[in-house]
Amino acid sequence: MTTLTPRTFTERASQVILSIPHGKVMSYGLVAAYAGNPRAARQVTRLLHSSSKKKNLPWHRVVNRNGKISLKRFQGYERQRQLLKKEGISFSQDDAIDFKTCLWHPDPDKLFF
DNA sequence: CTCGTGACTCCCG
DNA sequence: TCGGGAGCCACGA
């Protein structure tokens with residue numbers, strides 16, 4: 001395999017995010033944890049800001065630890081919500097996603113680190 | 001090297 | 001239960 005082992009946290013986090021399949025979601029903290037640093041949740045947000053378009057990341061599949069969308073309405077809240085619904089994800093009446101059925105846990109064996 | 005940033009999370013009162 | 005404050009951290013300027 002020619003894929004290079006991610007060196008930086010950001011690269012690993014990108015890989016984790018890319019591993020989230022259609023119809024599943026992960027929290028910022030969980031992404032950070034799988035990327036190697038449970039406390040770097042905030043860095044995940046920076047990654048999404050800086051490279052979500054560039055790297056074509058499924059940014060909408062990342063929500064906060066309560067299963068809710070962190071974006072403010074004017075920031076794209078509705079767009080994210082719609083993208084998720086389009087993937088078959090449903091929201092409870094308080095706009096939370098059910099982690100029991102939608103939370104994704106990457107298979108460690110498929111990650112390079 | 002220092003500093004600001006940010007779609008987070010945890011801890012209290 | 002809810003809100004505010006503080007901790008945490010990688011990365012780019």
Side-chain angles (χ1 to χ4, degrees):
Chain A
M1 187 38 148
T2 59
T3 303
L4 297 177
T5 297
R7 294 169 153 283
T8 68
F9 173 85
T10 295
E11 291 175 68
R12 295 195 298 275
S14 294
Q15 185 184 324
V16 172
I17 294 173
L18 287 170
S19 80
I20 307 175
H22 178 284
K24 294 288 183 179
V25 299
M26 284 182 79
S27 71
Y28 300 91
L30 192 56
V31 169
Y34 273 97
N37 191 336
R39 300 184 198 167
R42 309 195 71 185
Q43 178 58 18
V44 174
T45 78
R46 284 191 64 68
L47 161 62
L48 294 180
H49 259 282
S50 62
S51 326
S52 60
K53 305 174 185 172
K54 189 191 209 174
K55 300 190 176 181
N56 208 8
L57 300 177
W59 59 272
H60 57 284
R61 299 193 184 128
V62 185
V63 298
N64 66 32
R65 67 179 229 81
N66 298 310
K68 294 188 178 180
I69 294 173
S70 287
L71 290 171
K72 303 299 179 186
R73 296 191 56 116
F74 63 89
Q75 293 178 309
Y77 177 96
E78 303 209 326
R79 176 171 43 211
Q80 178 171 13
R81 184 188 162 120
Q82 184 158 24
L83 285 169
L84 292 174
K85 293 196 92 175
K86 194 163 65 174
E87 297 195 351
I89 294 177
S90 59
F91 292 80
S92 60
Q93 41 187 333
D94 64 332
D95 280 330
I97 292 171
D98 180 19
F99 275 161
K100 280 188 172 182
T101 57
C102 300
L103 184 61
W104 175 246
H105 286 280
D107 180 348
D109 295 336
K110 307 216 167 156
L111 299 177
F112 302 88
F113 45 92

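What you see below is based on every heavy atom in this structure, not just the backbone, and it leaves out hydrogens, waters and symmetry mates. Per chain, numbering begins at 1; letters A, B, ... match sequence-line order.
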Any side-chain heavy-atom pair of A/Thr45 and A/Trp59 under 4.5 Å: no
Neighbours of DNA chain B within residues 78-97 of chain A, by heavy-atom distance under 4.0 Å: none
Are A/Phe91 and A/Lys85 close enough that some pair of their side-chain heavy atoms sits under 4.5 Å apart? yes
For A/Glu87, is there an ion pair with A/Lys24 - N to carboxylate O distance below 4.0 angstrom? no
Side chains of A/Val62 and A/Val25 in contact at under 4.5 Å (non-hydrogen atoms): no
Within the 4.0 Å limit for protein heavy atoms, which parts of nucleotides 8-13 of chain B are touched? Write it as a string from 5' to 3', B for base, S for sugar-phosphate only, - for none. BSS---
For residues 99-107 of chain A, run the donor-acceptor check on the side chains, cut-off 3.5 Å, and write out each pair with its distance to 0.1 Å, sequence neighbours left out.
{"unit_1": "A/Thr101", "atom_1": "OG1", "unit_2": "A/Asp98", "atom_2": "O", "d": "3.4"}
{"unit_1": "A/Trp104", "atom_1": "NE1", "unit_2": "A/Ser19", "atom_2": "O", "d": "3.3"}
{"unit_1": "A/His105", "atom_1": "ND1", "unit_2": "A/Tyr34", "atom_2": "OH", "d": "3.3"}
{"unit_1": "A/Asp107", "atom_1": "OD1", "unit_2": "A/Asp109", "atom_2": "N", "d": "2.9"}

For A/Glu78, side chain to side chain contact (heavy atoms under 4.5 Å, CB included) partners two or more places apart: A/Arg73
Stepwise side chain to side chain donor-acceptor pair (under 3.5 Å) test for A/Thr8 and A/Glu11: CA-CA 5 Å; A/Thr8 68; A/Glu11 291 175 68; 3.1 Å; yes
Whole Å only: how far is the CZ atom of A/Arg12 from the P atom of C/dC9? 14 Å
Quick one: list whatever passes side chain to side chain contact (heavy atoms under 4.5 Å, CB included) with A/Ala40, sequence neighbours left out. A/Phe9, A/Ala32, A/Asn37, A/Gln43
Are the side chains of A/Leu84 and A/Ile97 in contact, using a 4.5 Å heavy-atom criterion? yes
At a cut-off of 3.5 Å, list every protein nitrogen or oxygen paired with a nitrogen or oxygen from nucleotides 10-13 of chain C, distance to 0.1 Å.
{"unit_1": "C/dA10", "atom_1": "OP1", "unit_2": "A/Asn37", "atom_2": "ND2", "d": "2.9"}
{"unit_1": "C/dA10", "atom_1": "N3", "unit_2": "A/Gln43", "atom_2": "OE1", "d": "2.8"}
{"unit_1": "C/dC11", "atom_1": "OP1", "unit_2": "A/Thr8", "atom_2": "OG1", "d": "3.3"}
{"unit_1": "C/dC11", "atom_1": "OP1", "unit_2": "A/Thr10", "atom_2": "N", "d": "3.3"}
{"unit_1": "C/dC11", "atom_1": "OP1", "unit_2": "A/Thr10", "atom_2": "OG1", "d": "3.1"}

Looking at A/Tyr28, is its backbone amide N or carbonyl O close enough to the side chain of A/Arg65 to form a donor-acceptor pair, meaning the two atoms are under 3.5 Å apart? no
